[in-house]
Amino acid sequence: MKINFIIFIFALVAMTSLVTKKVSSTVPAGGMMMYEVSTRPWMYNLSITYNTPINTLSDIPFEEFEKIKSMGFDMIWMMGVWELGEYGLNYDQTNGPLLQHYEQVLPGYTQADIIGSPYAVTNYSVNPQIGLEQDLIELRKKLNAIGLLLMLDFVPNHTAVDAEWTTTEMDYYIRAPQGTPTPYDNNTYLPNGIAYGSAGWGGSWYDTAQLNYWNSNCVKARIQQLLTVASFADAIRCDMAYLLLNSLFGSNWENQLQSWGFQQPTEEFWTVAIDMVKQEYPDIIFLAEVYHPYEENLQQVGFDYTYDKMLHDIINGGDMNAVRAWISGHSKQFTTHSAHFISNHDEPRGANFFGSWWRSDAAALITYTLPGLRFFWWGDFQGYSNQLDVHLRREQSEPAIDDAMAFYQTLTSIVSDPVFKNGEFTYLNCTNDQESWNLVAYKWTYQNERRLCVLNFSDQQGTGNIILDDAEPMNGNETIPVTDLLSNTTYYRSSEQMRTTGLYVIINSWYGQIFKY
Ligand SMILES: *[C@@H]1O[C@H](CO)[C@@H](O)[C@H](O)[C@H]1NC(C)=O
Ligand SMILES: *[C@@H]1O[C@H](CO)[C@@H](O)[C@H](O)[C@H]1NC(C)=O
Ligand SMILES: *[C@@H]1O[C@H](CO)[C@@H](O)[C@H](O)[C@H]1NC(C)=O
Ligand SMILES: *[C@@H]1O[C@H](CO)[C@@H](O)[C@H](O)[C@H]1NC(C)=O
Ligand SMILES: *[C@@H]1O[C@H](CO)[C@@H](O)[C@H](O)[C@H]1NC(C)=O
Ligand SMILES: *[C@@H]1O[C@H](CO)[C@@H](O)[C@H](O)[C@H]1NC(C)=O
Ligand SMILES: CC(=O)N[C@H]1CO[C@H](CO)[C@@H](O)[C@@H]1O
Ligand SMILES: CC(=O)N[C@H]1CO[C@H](CO)[C@@H](O)[C@@H]1O
């Protein structure tokens with residue numbers, strides 16, 4: 001009886017602390033801006049730009065970070081700072097299909113351009129090619145001092161083949177079912193029977209070894225590593241995070257897990273791991289790389305932000321009904337915790353994916369005015385179309401597009417206003433006639449600031465009426481200025497009409513208007 005009572009109190013305390021933690025999430029009510037750079041290629045690029053060797057994180061001219069901050073960014077993701085091994089590098093330098101791919105994306109590449117995938121991590125210690133632990137600690141201090149948060153990687157589903165554990169802790173890995181005759185099938189297993197990393201589709205990743213998340217000792221060790229990453233970072237981006245969900249993990253590795261007698265854990269890895277990390281680092285932000293339909297699952301296990309790849313695909317599909325449905329059909333909670341991007345290191349460049357830089361910019365108008373994490377990628381501002389391959393230190397160079405750079409300068413200045421970060425988002429109907437089929441509209445409000453976004457992702461002009469019930473007379477005058485911040489044009493309109501029949505808008509193809517009123 002007494003014991004039961006104690007357990008009851010204990011459970012109550014545990015539940016209360018869980019609830020408190022969810023509420024105290026540091027994610028802003030509106031949105032947040034994050035800029036991703038691929039660290040080693042960026043440092044290589046800067047050495048050329050500055051014509052001076054940039055060998056460590058401390059050598060990066062600090063004005064580069066100040067520029068990013070001045071565009072309104074809240075966070076920088078320094079992708080790929082952790083230690084890598086010889087095995088992965090050798091693989092990336094010798095694998096036939098990879099070499100063919102390099103020749104396509106970077107004709108005339110040299111051996112020195114192949115720097116190896118940053119996702120075959122051997123240990124969560126700073127890659128000696130970019131400095132020492134102290135360089136990373138100092139960098140974070142300096143970033144925080146100018147108001148930039150630092151995001152770093154955690155690669156959950158595998159380690160490098162030459163990580164220490166593959167020899168010392170073989171049971172941390174998925175292994176061939178007991179009794180499997182040797183030699184093992186080399187498409188699935190290393191010579192010692194440890195499985196290569198795999199998502200369960202698309203074949204194995206031959207530079208990685210697959211961890212076993214149904215082994216509680218492995219889970220404990222991984223949480224320790226996650227705590228190590230947390231000690232260096234304000235935010236953690238978790239690679240392919242959804243593959244660890246018990247249901248997916250169990251079906252991908254069913255035979256192996258059964259053969260070695262592993263049972264499905266009672267809790268999800270992420271619930272336990274994120275909870276433990278947040279106890280020690282309450283303000284840390286977790287971002288999950290995840291694909292449909294697992295976004296909501298990962299928000300439920302504690303991720304602050306989840307990739308919104310669906311928005312990316314739906315916009316590109318060009319069906320504005322689908323775009324409106326995706327934006328208006330989700331809870332505010334879901335959208336506010338989604339990470340919206342035009343491109344990133346895994347994706348083709350925006351100009352390539354969307355077909356042209358202006359289509360990409362029209363997509364950016366929708367993508368980056370929604371609530372949640374506004375996730376930008378190095379090189380997109382320039383309107384580039386050549387992708388930076390994740391194994392290489394440079395991409396094929398091409399001229400920057402001035403109009404694209406001016407566009408991003410304007411867009412980032414618009415969405416870095418507090419109204420887009422702390423404000424309230426409201427989806428709006430755009431009505432009228434057949435010609436508003438191509439428009440999507442919503443507004444942001446914060447204190448006395450209001451913004452109306454009306455965006456057109458199509459090759460035809462769109463017109464429509466949008467009712468704005470909060471349009472007010474200014475100094476007793478019913479006629480008020482309505483300024484489109486994208487074109488910096490001011491119109492004078494009747495606030496009464498805006499409240500009743502609506503504001504009439506004409507939006508050019510592949511463009512939009514963001515009104516301050
Ligand atoms: C790297 O620098 C060169 C010029 O120094 C530039 O042309 C190139 O586009 C840069 N790459 C990126 C991704 O910014
Ligand atoms: C791995 O990283 C940890 C923490 O950074 C460090 O203490 C440890 O020595 C490293 N282990 C190896 C094998 O390099
Ligand atoms: C597996 O073995 C075959 C035959 O020896 C070889 O051709 C192939 O490259 C090996 N595959 C891997 C992934 O090592
Ligand atoms: C928008 O229109 C739909 C369908 O006509 C309606 O159900 C919905 O309530 C409207 N939403 C707003 C915000 O007016
Ligand atoms: C109201 O504002 C408009 C636009 O600024 C101006 O043209 C008009 O004269 C004003 N009306 C009065 C009564 O002040
Ligand atoms: C917008 O236009 C006004 C004058 O019409 C000008 O004073 C202001 O500097 C312009 N702002 C920008 C960002 O171009
Ligand atoms: C193959 C594998 O290891 N599964 C995933 C783990 O992470 C990589 C990227 O680092 C994903 O691309 C894989 O699909
Ligand atoms: C300002 C802007 O991006 N305008 C674009 C609108 O769409 C046309 C194509 O229909 C582009 O040529 C413009 O650059």
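Start at 1 and go down the list; that is how both ligands and their atoms are numbered. Positions are given from 1, in the same order as the sequence printed here.
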Quick test: of every protein heavy atom, which one is nearest to atom 13 (C) of ligand 6, and how far off is it to 0.1 Å?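 Here the closest protein heavy atom is N488 ND2, 4.3 Å.
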Considering non-hydrogen atoms of the protein only, which is the closest contact for atom 5 (O) of ligand 5, and what is the distance?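 Protein heavy atom at minimum distance: Y492 CE2, 3.5 Å.
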Less than 4.0 angstrom from a charged side-chain N to a carboxylate O is my criterion; do K421 and D74 meet it?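 Between D74 and K421 there is a salt bridge, with a charged N closer than 4.0 Å to a carboxylate O.
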Under a 4.0 Å threshold between the charged nitrogen and the carboxylate oxygen, would R394 count as salt-bridged to D389?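 No.
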Look only at interatomic distance and state if N477 has a nitrogen or oxygen under 3.5 Å from any nitrogen or oxygen of ligand 5.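 There is such a contact, yes.
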Looking at M405 and A400, what are the two nearest heavy atoms and their distance?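 Residues M405 and A400, closest heavy atoms: CE-CB, 4.0 Å.
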Does NZ or CZ of R393 lie under 6.0 Å from the centre of the six-membered ring of Y44, at an angle within 45° of the ring axis?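 Positive - R393 is close enough to the ring of Y44 and near enough to its axis.
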Contacting atoms of ligand 3, where contact means under 4.0 angstrom from a heavy atom of N186: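 With N186 as reference, the close atoms of ligand 3 come out as 1 (C), 2 (O), 3 (C), 8 (C), 10 (C), 11 (N), 12 (C), 13 (C), 14 (O).
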With heavy-atom distances below 4.5 Å as the criterion, would you say the side chains of Y35 and M75 are in contact?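 The answer is no; the side chains never approach within 4.5 Å.
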Is atom 11 (N) of ligand 5 in close reach of the protein, with a heavy atom under 4.0 Å away?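 Yes, because at least one protein heavy atom sits under 4.0 Å from atom 11 (N) of ligand 5.
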Establish whether atom 2 (O) of ligand 6 and some protein heavy atom are separated by less than 4.0 angstrom.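 Flag for atom 2 (O) of ligand 6 set to true, protein heavy atom closer than 4.0 Å.
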